[in-house]
Amino acid sequence: MLERVNASLRKATPWLVLAGSGPAADFISELLGNLCPVTLSPTSPPADGDAAQALGTEHRERVREKVWKHFPVEDKLEKVVDTALSIYQSRDLITVFHGNQEGLDDFDTVLLRALVRASKRTCSEASECTEELKLAVAWNRVDIAKTELFNGDIQWKYEDLEDSMTDALINDKPQFVRLFCENGLNILDYLTYQRLESLYRSLSDSSLAYVLLQRHLSERQGLAGSQHSLARSVTGPLKSPLCGLTGPASAMELSLYEVSRLLWDLLGDVCLPFYYGPLGLDTSTTTRRTLKQVNKMLLGECMYRNQRCLSPWAALFIWAVLQNRREMALYFWEMAGEPVLSALGACKMLRELSKLESETENKLAMKELAQMFENLALDVFSECYQNSESRAFTLLIRKSLVWGGATSLQMSTVADARLFFSHDGVQSLLSQIWWGDMERNTEVWKLILTFFLPPVLYTNLISFREQEEEVWSEEIHHGRDTDSLDGNDCTVFSLADIIQNDEEAEEFRDLKEKLKGSLPTNTRRPFFVSRWRQFWFAPVTCFLGNVLMYFLFLCLFAYVLLVDFKPSPPDGPAPLEFLLYFWVFTLVCEEIRQTFFVGSTFILQRMRNYIQDVWNKCDLTAITLFIVGLCCRLTPWSYNFGRAVMAIDFMVFTLRLIHIFAIHKQLGPKIIIVGKMMKDVFFFLFFLAVWLMAYGVANQALLYSYDPRPNWIFRRVFYRPYLHIFGQIPINEMDADKLVQVNCTNDATEIEAGEEPCMSTYANWLVVILLVIYLLFTNIVLVNLLIAMFSYTFSKVQERSDTYWKFQRYNLIVEYHSRPCLAPPFIIISHLHLFIKRHIRRISSVKSKHFVLELRGRKASRLNTWEAIQKENYLSAQSKRQRETDTARLKRTSLKVDSVLKQMTEIRDHDRRLRLLETELEYCCSALSWMTEALFQSNLIKADHPPPLLRDLTPVSPS
């Protein structure tokens with residue numbers, strides 16, 4: 001065995017010796033541990049015969065003793081000694097593992113260190129250490145990689161880290177990913193679209209993202225038609241080697257198109273489809289045509305796969321989020337740009353994935369990670385808002401090219417990030433948009449007075465802020481720098497940046513183009529026009545106008561329904577009823593505008609978004625009922641039915657007022673509470689219906705032996721038991737002692753003819769008992785259960801009522817920001833104006849995109865840099881807080897204790913060796929004493945005095 005070890009050591013092969021595993025291991029462990037080191041060249045060991053000369057006679061004797069101790073063989077003793085001395089010369093390649101001292105958990109550490117040190121001993125090139133690096137990645141020992149491989153001795157290149165980076169990404173090793181990116185790996189060179197597809201193909205079969213991607217892949221493969229036969233030869237549609245595929249095999253593999261479809265499903269139409277640019281696809285084409293283009297492209301040469309990913313950090317961040325990898329996603333979020341929007345995007349994706357996840361543990365993990373990213377977005381935005389309020393406003397409405405043209409405000413809406421919406425910065429922006437150029441503290445009565453007396457607008461009754469055009473022009477005159485990266489900037493934010501309406505946007509754009517080419521001139525509108533527009537184009541003015549006109553509409557509806565509802569033609573309708581019809585027609589026109597001309601590029605997506613809103617469903621119900629009632633009231637035979645439908649429709653229109661009061665700070669949360677309580681009522685009605693049916697059927701069967709009339713059966717089974725809950729109990733029909741004599745019969749023929757059946761008194765006592773049990777359960781148990789549910793819902797919503805209201809307020813502000821300034825029925829004028837501009841003059845709509853500000857060039861880069869600085873400030877402050885927590889202190893204390901324990905173990909080992917040396921020294925002293933005594937007693941040496949004893953020796957002075 002020793003000869004094999006010696007032969008392999010000559011070839012620079014490292015060895016790991018397990019102390020205590022056998023005689024050879026114990027011998028080598030003792031040889032390296034107890035023998036004093038000598039100066040030898042580790043790279044050029046001498047021959048067997050020269051080993052004894054190099055080490056000297058003393059070392060050779062000590063080695064001979066140890067060999068004889070472990071291998072008592074006389075004929076080969078010298079050969080074994082020479083072999084042992086040769087092994088000792090190559091001791092740098094040998095690592096001894098003491099299991100009783102270091103523990104079994106440190107075995108992988110010792111083994112990996114042995115391999116790394118041996119590789120560095122033979123060669124310091126990075127290419128020679130790639131296998132050890134892969135082993136460190138496989139064992140997830142980033143500590144060893146930092147201390148042994150990335151300590152500055154080896155110059156790593158991109159080619160050496162490429163494969164290990166892929167392994168670290170696939171196997172979820174975020175610490176190694178961070179280490180590689182900090183030591184020579186350029187992410188721009190690494191992440192091509194081909195490698196990104198390979199990463200998506202490596203998803204786990206059990207992950208939800210894998211299942212969703214496979215559905216989209218199957219959809220594309222199903223449309224391939226002639227390529228079905230190719231699918232049989234390609235196994236595992238998502239599990240392909242991490243290499244590029246071309247031709248038919250590539251068409252049957254996962255591509256970026258499936259990833260784009262998945263992201264579209266998760267993010268919705270708030271973002272344009274991802275990766276359509278590299279794929280060469282058009283967002284306006286239909287899905288079927290797009291699938292054909294993708295299949296045709298994948299059958300040929302996919303040129304896009306060799307291109308670099310334009311936003312590698314964002315692409316890897318999305319890839320990690322889809323797999324619910326917490327640490328990996330957090331690291332990529334730190335590295336990616338636009339941290340607020342990225343965190344909100346991750347929040348949206350995770351919450352959508354949690355709705356599709358069936359496993360409870362994964363669902364909870366996704367919800368927890370989504371909440372973490374929402375908190376990150378809130379904290380970073382808080383840091384931005386504290387540094388610069390105006391830049392924070394711009395950050396909310398800035399259009400992102402990385403996230404498909406989405407803004408932080410839009411993403412937080414679809415992500416249901418209510419905590420983010422409750423931030424003072426977001427609410428300050430919404431308030432500024434809501435009030436327009438008017439001061440926020442303007443009283444409502446002043447606005448109402450201005451409605452009825454427009455000349456008051458030109459007085460000082462209402463205060464207005466300075467117009468943006470004037471401020472911007474003054475900045476150009478004075479040469480003010482509005483793009484400084486520190487917090488004390490002079491950035492001016494106003495509603496012209498948000499683009500309130502088409503004419504303002506167009507004129508403001510023309511103004512800026514003129515100012516670029518020449519010295520700014522006085523391009524302000526006349527005071528009369530500008531003040532008029534400042535008032536009437538504010539969303540709050542539009543809202544109040546709609547509220548006042550809606551109350552007038554309800555009054556008109558009620559008057560027509562109660563007083564002026566004429567018979568069917570030719571006697572009616574009345575002129576006021578025709579006015580009511582026209583008013584509803586303008587409401588229908590507005591609903592059509594909101595459905596087909598606002599929002600997404602696709603009409604079906606616009607209709608889907610419109611239907612998803614609860615209040616839009618209420619509007620559709622009210623309009624549908626009105627049309628049905630109108631059609632019925634025009635004919636004599638259905639006149640009464642039409643009037644009844646109109647009465648029901650008036651209730652629906654009146655309930656629509658609830659949505660209008662959602663803007664109120666006190667009433668808004670209460671509306672949310674009422675909506676939540678309606679869900680509790682349904683549960684209550686389910687239990688109540690069970691008891692109603694059980695008691696009603698039993699009560700009917702006991703009181704009436706035969707009564708086939710369906711209407712009376714319904715009344716006695718459901719209606720009467722329901723009234724019993726409120727105390728309306730007919731005792732004279734249930735108690736036998738208080739029965740009233742009535743005309744009744746027991747003849748089945750007469751009963752079927754319509755006569756009243758006689759009550760049965762046989763089981764009257766049982767009817768009373770059932771009544772007591774029914775009332776006990778319904779009035780005490782179920783009603784108190786409903787009250788408890790209401791109390792729980794109220795307390796839960798009331799705790800976060802401010803958060804709920806602020807989130808609900810945004811939707812109302814967006815709605816009235818997009819509405820024309822005129823209210824129905826005058827809104828028809830605005831509709832005609834928009835029709836002329838869009839379809840005759842062909843002027844594109846700027847107002848269709850709510851709260852979007854597109855920045856390019858220097859302004860965009862400076863805003864991104866400023867946001868990144870605020871993110872770094874937040875991360876450094878958070879890291880400092882974490883270091884000061886009790887948990888971090890306990891962790892540092894635990895590490896120190898572990899270090900002390902290891903040092904104590906080394907001290908005990910040194911103590912053991914010193915004791916061994918003391919024992920040998922005592923033996924040598926005893927032997928010398930014996931030899932001295934023997935020589936003194938012999939006649940060989942004539943001594944004048946006896947030999948000195950140990951206690952007689954005194955320290956000798958150096959002098």
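Note that the coordinates shown come from a computational prediction; the quantities given were computed from them, not determined experimentally.
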Residue pair N811, E815: steps toward the side chain to side chain donor-acceptor pair (under 3.5 Å) verdict: CA-CA 6 Å; N811 296 322; E815 178 182 351; over 6 Å; no

Full working for side chain to side chain donor-acceptor pair (under 3.5 Å) between S428 and S431: CA-CA 5 Å; S428 179; S431 297; over 6 Å; no

Worked check of side-chain contact (heavy atoms from CB on, under 4.5 Å) between V645 and F626: CA-CA 7 Å; V645 172; F626 190 89; over 6 Å; no

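Under the 4.5 Å side-chain criterion, counting only non-hydrogen atoms from C-beta, V540 is in contact with M438. For the pair L341 and L395, the minimum side-chain heavy-atom distance is 4.5 Å or more. Looking only at side-chain heavy atoms (C-beta outward), E867 and V340 come within less than 4.5 Å of each other. At least one side-chain heavy atom of C271 sits under 4.5 Å from a side-chain heavy atom of M411.
Applying the salt bridge (Lys or Arg N to Asp or Glu O under 4.0 Å) rule to R809 yields no partners; only residues at least two apart in sequence or on another chain are considered. For H659, the ring-ring contact (aromatic ring centres under 6.0 Å, His included) partners two or more places apart in sequence, or in a different chain, are W615. Legend: residues meeting salt bridge (Lys or Arg N to Asp or Glu O under 4.0 Å) with D424, ordered by chain and number and at least two apart, are absent. Judged as a ring-ring contact (aromatic ring centres under 6.0 Å, His included), and not counting sequence neighbours, the contacts of W536 are F451, W532. In this structure F551 satisfies the ring-ring contact (aromatic ring centres under 6.0 Å, His included) test with no other residue, sequence neighbours excluded. Considering only residues two or more places apart in sequence or on other chains, E443 meets the salt bridge (Lys or Arg N to Asp or Glu O under 4.0 Å) condition with K446. Y639 meets the ring-ring contact (aromatic ring centres under 6.0 Å, His included) test with F565; sequence neighbours excluded.
Pairs engaging residues 823-832 under the salt bridge (Lys or Arg N to Asp or Glu O under 4.0 Å) rule: none recorded [sequence neighbours left out]. Within the structure, side chain to side chain donor-acceptor pair (under 3.5 Å) pairs that include any residue of residues 414-423 comprise S382-H423, D416-R418 (at least two apart or interchain). Among pairs with a residue in residues 538-552, none fulfils salt bridge (Lys or Arg N to Asp or Glu O under 4.0 Å), at least two apart in sequence or across chains. For residues 583-593, the set of pairs meeting the side chain to side chain donor-acceptor pair (under 3.5 Å) definition, not counting sequence neighbours, comprises E590-R593, E590-Q594, E590-H831, E591-Y610. Pairs of residues two or more places apart, or lying in two chains, that qualify as side chain to side chain donor-acceptor pair (under 3.5 Å) and include a residue from residues 646-656 are D619-R656.
Using the six-membered ring where Trp is involved, Y810 and F421 have ring planes that are tilted, between 30° and 60° apart.
In this structure, F553 has its ring center under 6.0 Å from that of Y550.
Between the side chain of R633 and the backbone N or O of A644 there is no donor-acceptor pair closer than 3.5 Å. Looking at T541, its side chain never comes within 3.5 Å of a backbone N or O of F537 through a donor-acceptor pair. The main-chain N or O of V797 is never found under 3.5 Å from a side-chain atom of Y804 such that the two would form a donor-acceptor pair. A donor-acceptor pair under 3.5 Å links the side-chain atoms of N546 to the main chain of C542, judged by distance alone. Put simply, the side chain of S795 gets close to the backbone of Y792: a donor and an acceptor are under 3.5 Å apart.
For K806 and D802, the salt-bridge test passes: some basic side-chain N is under 4.0 Å from an acidic carboxylate O. Using a 4.0 Å cut-off between charged nitrogen and carboxylate oxygen, R856 and E854 count as a salt-bridge pair. A salt bridge links E374 with R351: the closest approach of a Lys/Arg side-chain nitrogen to an acidic carboxylate oxygen falls below 4.0 angstrom.
Side-chain polar atoms of T624 and T621 form no donor-acceptor pair below 3.5 angstrom.
Rounding to the nearest 0.5 Å gives a distance of 10.5 Å between CG of L580 and CG of D564.
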